[in-house]
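Right, one structure below, let's go through it.
The chains referred to below are lettered A, B, ... by the order of the sequence lines, with proteins before strands, and numbering in each begins at 1.
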Number of protein chains: 4
Amino acid sequence: MKGRMKAAILYKPFDMRLEEMEIPEIGPNEVLVKIQAVGICGSDIHFYKTGRCGTFVVKEPLVLGHESAGEIVEVGENVTNVKKGDRVAIEPGFPCGRCYFCKIGKYNLCPNVKFYGAPPIHGAFREYAPADAAFVYKLPPNLSYEEGALIEPLAVGMQGVRRCNLEDGSVIAVFGCGPVGLLTMQAAKASGAATAIAVDILDYRLEVAEKLGADHVVNAAKEDVSKKISSLTDGRGADVVFEVSGATKAFEDALRVVRPGGVIVQIGIFEAEEIPLRPALLIDKELDIRGVFRYANAYEPAIRLAAAGKVQLKPLITHTFPLDRIHEAFKVVMEKIGNPIKVIVKP
Amino acid sequence: MKGRMKAAILYKPFDMRLEEMEIPEIGPNEVLVKIQAVGICGSDIHFYKTGRCGTFVVKEPLVLGHESAGEIVEVGENVTNVKKGDRVAIEPGFPCGRCYFCKIGKYNLCPNVKFYGAPPIHGAFREYAPADAAFVYKLPPNLSYEEGALIEPLAVGMQGVRRCNLEDGSVIAVFGCGPVGLLTMQAAKASGAATAIAVDILDYRLEVAEKLGADHVVNAAKEDVSKKISSLTDGRGADVVFEVSGATKAFEDALRVVRPGGVIVQIGIFEAEEIPLRPALLIDKELDIRGVFRYANAYEPAIRLAAAGKVQLKPLITHTFPLDRIHEAFKVVMEKIGNPIKVIVKP
Amino acid sequence: MKGRMKAAILYKPFDMRLEEMEIPEIGPNEVLVKIQAVGICGSDIHFYKTGRCGTFVVKEPLVLGHESAGEIVEVGENVTNVKKGDRVAIEPGFPCGRCYFCKIGKYNLCPNVKFYGAPPIHGAFREYAPADAAFVYKLPPNLSYEEGALIEPLAVGMQGVRRCNLEDGSVIAVFGCGPVGLLTMQAAKASGAATAIAVDILDYRLEVAEKLGADHVVNAAKEDVSKKISSLTDGRGADVVFEVSGATKAFEDALRVVRPGGVIVQIGIFEAEEIPLRPALLIDKELDIRGVFRYANAYEPAIRLAAAGKVQLKPLITHTFPLDRIHEAFKVVMEKIGNPIKVIVKP
Amino acid sequence: MKGRMKAAILYKPFDMRLEEMEIPEIGPNEVLVKIQAVGICGSDIHFYKTGRCGTFVVKEPLVLGHESAGEIVEVGENVTNVKKGDRVAIEPGFPCGRCYFCKIGKYNLCPNVKFYGAPPIHGAFREYAPADAAFVYKLPPNLSYEEGALIEPLAVGMQGVRRCNLEDGSVIAVFGCGPVGLLTMQAAKASGAATAIAVDILDYRLEVAEKLGADHVVNAAKEDVSKKISSLTDGRGADVVFEVSGATKAFEDALRVVRPGGVIVQIGIFEAEEIPLRPALLIDKELDIRGVFRYANAYEPAIRLAAAGKVQLKPLITHTFPLDRIHEAFKVVMEKIGNPIKVIVKP
């Protein structure tokens with residue numbers, strides 16, 4: 001498809017411009033997707049505010065956005081799994097398929113991955129984006145494009161659940177009730193957790209957590225998390241703690257409240273370069289601390305769980321903006337205007 | 001507690017007598033339970049009709065029944081985890097705690113286990129029964145004794161789910177929709193299965209399956225199971241098949257309909273001493289076939305899932321009889337009178 | 001590289017001709033390998049004798065051979081992991097890298113795989129063969145080409161070992177001491193098995209097994225396998241049985257001699273379309289039966305184990321023939337002339 | 001057995017007295033062992049120097065020592081697995097067999113465990129000690145009592161190996177080459193590691209590591225561990241790092257040198273109450289950090305590996321003292337006199 005399209009291009013911190021660019025050409029194994037919904041993620045905000053995120057630095061003008069869904073408008077010559085007109089969620093990382101990590105099925109660790117909105121790969125805040133056909137997944141009729149965009153943070157939560165081999169009937173705690181925390185909690189409950197304890201410092205988020213299935217909520221700014229979880233679990237502690245907040249204090253609490261033999265799944269990104277770890281807890285309780293980096297093989301089951309109604313996506317979508325008002329959308333997220341959970345941009 | 005009590009004692013096939021016997025004495029680590037509800041299991045029927053079940057043979061008069069719940073009326077001197085008056089579900093096998101299998105946590109394989117209703121250990125069709133205190137589990141207020149009795153078959157289902165490391169978002173098939181099949185299906189859905197396909201040859205059971213969450217039902221007497229499941233899964237097959245029927249044909253189908261790299265969990269007991277296995281399917285699809293024998297460490301999480309409403313037990317209870325009418329209760333099960341699913345005896 | 005080369009081409013059963021064919025062209029991700037050593041596998045013999053193997057049928061003239069190693073003489077434009085002159089073992093299946101199975105790391109189940117010597121893909125009984133660069137692995141200096149060819153059957157054994165999560169200190173039994181059985185046994189011992197019991201019906205193979213580390217050998221034609229293994233394991237049984245013989249009787253024995261909670265790894269290919277399975281053993285002992293189909297991610301560690309001397313390959317090579325004498329080589333395997341274990345053809 | 005015996009009793013730091021005490025009586029499930037060899041462990045030294053170790057505090061006079069083997073001189077009335085005269089290694093922790101952790105097979109986490117030399121349970125630096133019969137293991141004829149005592153630290157190493165599901169062909173690094181480190185390295189190599197990199201700051205320990213199978217040794221006081229391991233692994237990093245040193249710097253290095261998707265097994269005990277953790281490495285490399293606390297179900301396989309010659313124990317024993325000279329033995333360990341690895345006391 002030839003022509004030009006609108007895109008939100010980040011030039012430098014706080015300098016994102018709505019401009020026109022060429023509609024990209026696609027290769028034989030790719031599809032072109034007319035983007036219909038893109039979620040704003042914390043990492044987008046990082047890039048927007050600082051021009052960097054983790055080890056990534058924006059050097060050339062960059063289109064952000066990696067939580068996306070849309071309609072296929074063109075398919076490459078080798079593509080057979082989807083066709084023009086299909087509604088799809090886009091898994092935003094396209095691994096090489098040939099390296100050690102791809103071959104063992106942990107393609108999230110592929111060093112050659114091309115990931116939407118991670119420099120120098122353009123993301124989805126534009127009208128059309130190319131995608132590897134093996135990484136787009138049909139949306140069933142009962143999932144909207146907005147919900148399709150939320151498959152991405154749900155996939156992060158499912159990666160977390162898979163990283164801890166969650167046993168059915170488990171008691172879990174989730175630290176941090178932003179979008180990923182809320183989706184991790186739901187993924188865990190859908191995957192067998194019998195009891196979920198949600199922890200945050202903002203009451204409006206805890207209210208959403210409760211609506212989405214939290215059995216207990218704890219405001220860490222008002223209560224002693226460690227004591228509360230101990231009392232809720234007859235002193236044994238949580239089988240698994242999903243740390244999604246990236247707060248140093250939360251990580252410390254996690255080691256305290258997890259039961260002996262339990263698992264801490266670290267999903268949240270820390271500002272701090274170093275955080276303190278109490279090794280006596282790690283060893284005496286024979287704990288596991290497991291990091292989560294993106295996801296692999298999670299999109300397909302995530303869509304199935306959402307389509308089956310076992311995970312609710314709609315209640316997370318608090319705000320929607322057209323592409324023209326993307327600056328406003330970013331502002332809502334950054335300044336937490338109107339108790340945002342997930343803000344969606346619709347090109 | 002001294003005194004005498006009523007019990008249903010099997011002398012020989014079809015000769016089960018309601019008689020009085022001594023209330024048993026308990027040891028220091030035991031509790032005495034006033035039995036309030038006992039489910040009738042297929043193995044009870046086997047013993048009743050033939051005097052044997054598998055390798056077990058009734059040589060001395062025997063009280064059957066192992067799906068039970070009741071109230072604690074006496075505790076041994078070392079017991080601290082429960083107290084008089086507690087409402088409990090009884091895990092009916094008491095392993096030795098000291099052998100190789102107990103030490104590795106697979107106490108269901110303990111060769112020294114004492115199991116209710118397996119000769120020569122008396123079961124629960126009586127007013128009082130002794131139990132190892134480490135194997136009784138408090139029922140939360142929202143679970144009745146009848147539901148407490150059903151924790152036993154639910155534990156079988158959960159053992160099945162744990163034996164296949166069920167991944168969230170999986171597509172599963174359950175062959176056989178008796179009580180264990182229905183509970184296995186629910187346990188699997190509660191543990192992350194997104195889609196459940198229930199198979200049976202009796203429509204009334206499939207109707208119950210549908211009410212309890214089956215996404216698709218297949219009557220194997222009327223439809224080609226293999227074709228149906230293939231079409232329901234876009235040709236890929238089910239991720240896991242729980243074979244709970246014990247029908248040779250079902251086992252054959254299981255190998256056909258499971259996807260490459262998938263798992264067949266064999267729960268159903270076969271009449272046949274030998275069944276045919278197609279090795280080309282086992283190898284070319286690199287399948288796993290995994291047997292299930294009772295359960296270990298499943299009662300506590302089973303109660304949690306049931307209490308959380310993630311597994312429904314009540315809809316399975318179709319008939320209830322007092323101990324005096326136990327013969328009638330057995331007849332209902334044997335002759336499938338009134339579309340029975342689970343029949344409960346209340347001493 | 002342009003030109004013509006010699007190849008052994010199978011036209012129909014027993015009609016394999018040494019002819020000239022074009023040296024194949026390679027794609028940008030491929031390498032051209034000058035084949036230096038090719039092992040003869042049981043499946044090659046099947047094709048040779050019957051024109052088919054399992055579900056594969058030879059319809060067009062076909063070059064057999066998939067256990068191979070050689071020297072890289074040309075590399076495609078995208079290739080960076082190897083270079084001209086490198087000595088490599090060739091993993092003979094080239095999966096698509098994009099399907100469900102490839103993405104989860106089980107690329108051995110890829111339905112689009114191109115596998116040497118499986119119709120219609122030509123194999124390695126020729127002077128030059130093309131290979132996907134991601135599936136050739138450098139041989140360290142202390143491994144010869146002949147040993148490099150044996151990495152293939154070793155990879156099968158390692159897949160077996162990985163399929164059973166072999167615990168260190170285990171007692172294992174191997175049924176069938178052909179090349180794959182002997183390599184499976186060595187892989188298991190290198191991976192933590194403390195005690196290996198080798199079973200076969202040919203004494204000369206058991207002698208090789210003993211040289212390669214079998215702690216006990218049992219001739220199934222002369223001894224009662226079940227009783228012998230029981231006595232060797234103090235009545236408990238083997239933790240894992242690797243069934244590599246494809247004999248119905250061996251499969252029956254496997255279920256008998258494996259300990260409760262143990263695993264049977266089925267590697268051997270059966271002539272019989274159906275074999276009898278005793279379900280009571282599967283269930284009462286809560287066994288796992290796990291099929292093995294080729295291998296995934298096994299070449300690299302296989303080479304490391306062989307290079308480290310933890311698995312011996314050389315003692316398996318009993319015969320070597322030049323490509324011109326390939327008919328003789330096949331005859332030696334088919335008629336077991338001179339107690340062959342592995343016969344190598346050197347183009 | 002009635003009578004009195006000699007014992008080394010710790011009264012307070014540096015005040016350990018050789019005194020007489022009653023030979024202990026045994027219960028029906030216990031055995032009395034005439035202690036023949038006891039290793040001195042780092043935790044014994046801790047108690048000796050400070051009167052405490054971790055959360056344990058010596059309040060009453062205490063016999064230390066938990067790495068022991070001896071001859072059974074008396075058996076309780078229920079004991080059937082061993083008999084008088086048997087030579088055994090003693091697993092020094094006797095769990096309750098009835099709690100949640102015992103039931104799931106992680107009896108090392110049993111809160112009711114009685115552990116030799118952990119207050120208030122007397123250990124093995126005495127002539128006779130009682131032991132739970134389920135936790136003594138027969139020594140095969142080719143293992144001496146001294147080697148039997150070393151089964152304990154080997155069991156720690158095997159617990160480490162099991163905690164990381166070590167894959168065959170792996171590249172591992174061991175940080176810290178004291179007795180546990182050297183045994184962990186050997187256990188890992190016996191369990192499938194193809195390449196072991198040993199790291200320490202003392203050359204004499206690295207020499208022992210090399211003799212026991214280390215493929216590469218790195219003196220962390222002289223070389224950059226991170227660079228060295230990177231170069232030894234073609235830049236990929238080690239599949240697993242066993243951190244056995246308890247040095248803060250080593251823990252930091254561990255996160256750097258482990259490959260993406262790899263595992264750090266934390267065995268070493270830290271002096272520091274808090275150590276710094278770089279969360280970016282944990283997450284971006286999607287690492288696992290797994291603590292090790294003692295061991296469960298490791299003695300039997302440890303004895304099998306040692307008896308099979310796959311792990312060498314003898315080369316670790318550098319010094320042996322009679323019970324009368326226990327003070328000297330402790331001094332050798334504390335002051336590293338004569339390059340000690342493991343010092344054995346023989347009552």
Side-chain angles (χ1 to χ4, degrees), chain A residues 54-56 99-101 104-111 159-160 163-165 167 234-236 239 243 246-248 251-252 255 258-296, chain D residues 54-56 99-101 104-111 159-160 163-165 167 234-236 239 243 246-248 251-252 255 258-296:
Chain A
T55 53
F56 289 99
C99 71
Y100 169 75
F101 296 102
I104 65 171
K106 296 191 173 186
Y107 63 74
N108 53 324
L109 301 176
C110 171
Q159 181 79 355
R163 287 279 289 138
C164 66
N165 305 113
E167 286 216 328
D234 296 323
R236 192 193 285 167
D239 294 311
E243 205 303 287
T248 300
F251 182 75
E252 290 172 350
L255 272 94
V258 72
R259 73 158 168 80
V263 182
I264 296 165
V265 179
Q266 184 59 48
I267 298 175
I269 309 290
F270 294 85
E271 292 284 333
E273 207 169 298
E274 285 190 351
I275 56 174
L277 169 70
R278 285 190 57 194
L281 291 174
L282 173 66
I283 289 169
D284 290 1
K285 292 165 73 169
E286 203 173 60
L287 300 179
D288 276 30
I289 303 172
R290 304 187 186 174
V292 168
F293 184 69
R294 298 175 181 163
Y295 34 74
Chain D
T55 53
F56 289 99
C99 70
Y100 169 74
F101 296 102
I104 65 171
K106 295 190 174 185
Y107 63 72
N108 55 322
L109 301 176
C110 170
Q159 181 78 358
R163 288 278 288 139
C164 65
N165 305 114
E167 285 214 329
D234 296 324
R236 191 193 286 165
D239 294 310
E243 203 305 285
T248 299
F251 182 75
E252 290 172 349
L255 272 94
V258 71
R259 71 157 168 83
V263 183
I264 295 165
V265 179
Q266 183 58 49
I267 298 175
I269 309 290
F270 293 85
E271 292 285 331
E273 208 169 296
E274 285 190 349
I275 56 174
L277 169 70
R278 285 191 57 194
L281 290 174
L282 174 65
I283 289 169
D284 291 1
K285 291 165 72 169
E286 203 173 60
L287 300 179
D288 276 31
I289 303 172
R290 305 188 183 172
V292 167
F293 184 69
R294 295 172 182 166
Y295 35 74

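The minimum heavy-atom distance between A:Pro111 and A:Cys99, with the atom names listed, is CD-SG, 3.8 Å. Across all non-hydrogen atoms, the minimal contact from A:Gly291 to D:Glu286 is O-CG, 3.1 Å. When all heavy atoms are compared, the tightest approach of A:Asp239 to A:Val258 is O-CG2, 3.8 Å. A pairwise comparison of heavy atoms in A:Cys164 and A:Arg290 identifies CA-NH1, 3.7 Å as the closest pair.
Neither the backbone nor the side chain of D:Glu243 comes within contact range of chain A; no heavy atoms are under 4.5 Å apart. Residue A:Leu109 touches chain D through its side chain alone, counting heavy-atom pairs closer than 4.5 Å.
Chosen from D:Arg236, D:Lys285, D:Gln159, D:Gln266, the residue pairing most often with chain A at heavy-atom distances under 4.5 Å is D:Arg236. Heavy-atom pairs under 4.5 Å with chain D were tallied for A:Val263, A:Ile264, A:Leu287; the largest tally goes to A:Leu287. Contacts with chain A were tallied for D:Leu282, D:Asn108, D:Ile269, D:Ile267; D:Leu282 has the most, counting heavy-atom pairs under 4.5 Å. Considering only heavy-atom pairs separated by less than 4.5 Å from chain A, the leading option among D:Phe293, D:Phe270, D:Phe101 is D:Phe293.
Remark: the backbone N or O of A:Val292 is not paired with any side-chain donor or acceptor of A:Arg163 at under 3.5 angstrom.
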